[in-house]
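See below for the structure under consideration.
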Amino acid sequence: MKKKEMPIKKQFLVNYTLLFLILLVIGAVTLIANTIYVESVYEEVDQEFFQELYEDIEREGLETSFQKHELPENAYLEIVSRDYRVVKQYNSPNEAGYQYEPNAFLSEIDHYETDLIIPSNGEEYLLLYLPVERFFLDVFLFTVLFFTICLLFILRWYVKRTSTQIIEPVEKLLTGVDSIIKGNYETEIQFQANKELNQLKENINRMAAKIGEEISLKERSELLRKQLILDISHDLKIPLMNIQGYAETLSQFPSLSHEERQQYSSIIMSNSTKANRLIQDLFDLSQLDMGASWVALEDQNLTEVIRDIFTSFVNELEAKGIHYDVEIPDDLMTVKLEVHLFERALTNILQNCIAYGGKLLAVSLREDDKHAILIIEDKGKGIPKDYHEKVFEPFIRVDESRSTYTGGTGLGLAIAKKIITQHHGIIQIDPDYTEGCRFVIMIPLSAES
Ligand code: ADP
């Protein structure tokens with residue numbers, strides 16, 4: 001299941017809430033640790049501690065016991081009699097024999113929270129003075145240290161978490177964009193992050209792919225343009241050379257016979273017709289390339305248009321002994337056409353079928369929900385599959401020698417395809433037809449059809 005992408009705004013809210021909760025938890029943990037620490041310090045000076053200390057004092061004296069129990073430097077011990085006189089002391093500012101005022105003695109021990117006193121044998125008090133400041137300093141230092149360590153660990157985890165969520169994807173975006181700038185348009189940035197970063201990533205990936213596509217299209221069209229110029233010059237060169245050569249012969253040799261003159265003139269004529277046709281076809285092709293603005297489509301009955309076009313071929317077909325089979329329904333089939341252009345496209349295809357197509361030609365027309373479907377097929381040599389798309393490009397000839405022989409300009413199918421496209425239709429060669437060549441043309445039916 002795809003993880004739901006979280007917007008960055010929400011992500012920050014979650015992160016800060018998390019940080020706040022974590023700080024609360026650290027605070028609480030520090031408080032608990034603090035209490036445990038304080039209790040442990042107090043525990044050190046509990047009843048048992050005093051009992052032990054007192055016994056040690058009785059056995060080994062104040063000084064040894066003081067050191068044995070590692071009491072702080074500014075702590076002191078006093079044995080005080082029931083009438084508040086200092087009997088013995090170690091480290092105390094009060095000398096032995098010092099007499100406390102009863103109230104002063106009691107307030108003295110009350111004053112410091114850590115001053116502890118217990119009656120010993122009922123005759124004397126053991127007074128242990130522990131410096132309060134130091135105790136609080138210990139607790140304070142412990143608290144600060146504990147809190148800081150916890151905070152450092154948590155911050156390390158928090159920074160790692162935010163960096164995985166935001167900084168790492170941004171770094172990947174930067175590296176990806178850098179690579180795209182260097183011209184690697186196939187670069188695909190990959191990561192899973194927040195909604196906005198994911199969208200940015202997808203848009204950059206899409207943009208890179210689009211730029212790559214555009215550039216390869218531009219390169220291809222540049223290549224095609226160069227190829228086209230090369231093809232035009234090549235196809236124009238031969239007829240122009242012929243015209244020049246025969247015209248020179250005619251002018252330089254006045255002694256040529258009448259028949260020779262006739263023959264050379266007709267060669268000049270046919271070559272100039274060929275050059276003229278090529279230039280006309282090129283002109284038509286570029287005009288069709290300019291766009292659809294000048295093509296005025298109007299509702300026409302396609303059955304009638306096709307019948308008229310085909311009728312104009314009947315004489316030629318019969319003269320060449322080509323059998324034909326026509327299946328055009330009588331019903332009205334309305335499509336939007338520019339009749340002269342459409343006639344031009346069909347003429348190109350039919351002429352090819354006659355030129356390359358053997359002895360049988362079939363034309364049929366039907367319709368589906370949205371299109372009129374026109375099929376023109378012959379039983380000739382056909383067009384190899386790897387040429388099925390290319391053959392609609394200018395100057396592509398399957399069999400160079402045969403095409404030159406038929407006198408085609410190599411632009412017939414390119415023009416036909418452009419015209420059909422201007423009619424919002426499509427033209428294809430049926431890849432499953434193996435007995436010759438089958439062109440399938442689909443034109444959208446008009447709404448009122
Ligand atoms: P051309 O002027 O050479 O006929 P076209 O663009 O009309 O140019 O056709 C391109 C090439 O496609 C032709 O040279 C020919 O090799 C091939 N071709 C076109 N129609 C047919 C067909 N009906 N049968 C076999 N080959 C065909």
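On a predicted model such as this, the values are computed, not experimentally measured, just so you know. Numbering of ligands and ligand atoms starts at 1, following listing order.
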| field | Presence of salt bridge, Arg225 and Glu222, under 4.0 angstrom | value | yes
| field | Close approach of Asn348 to ligand 1, heavy atoms, under 4.0 angstrom | value | no
| Separation between CD of Glu435 and CD of Glu377, rounded to the nearest 0.5 Å | 7.5 Å
| task | Check whether the side chains of Asp281 and Thr409 place a donor and an acceptor atom closer than 3.5 Å, and report yes or no. | result | yes
| Do ligand 1 and Leu413 have nitrogen or oxygen atoms that lie under 3.5 Å from each other? | yes
| Does Phe191 have Lys172 sitting over its ring (NZ/CZ under 6.0 Å from centre, angle to axis within 45°)? | no
| query | Do Ser179 and Thr187 get their side chains close enough for a donor-acceptor pair, meaning under 3.5 Å? | reply | yes
| said: Against ligand 1, does Gly380 come closer than 4.0 Å with any heavy atom? | reply: no
| message | My understanding is that we take every heavy atom of each candidate and find the minimum distance to atom 10 (C) of ligand 1. Doing that for Ile396, Ile354, Asn352, which one comes out nearest? | response | Ile396
| query | Against heavy atoms of Thr409, which atoms of ligand 1 measure under 4.0 Å? | reply | 2 (O)
| Proximity winner for atom 8 (O) of ligand 1, if only heavy atoms of Gly410, Ala414, Pro394, Gly382 are counted | Gly410
| query | ligand 1 versus Val398, non-hydrogen atoms closer than 4.0 Å: side chain, backbone, both, neither? | reply | both
| request: Assert yes or no for the condition that the ring centre distance of Tyr324 to Phe310 is strictly below 6.0 Å. | output: yes
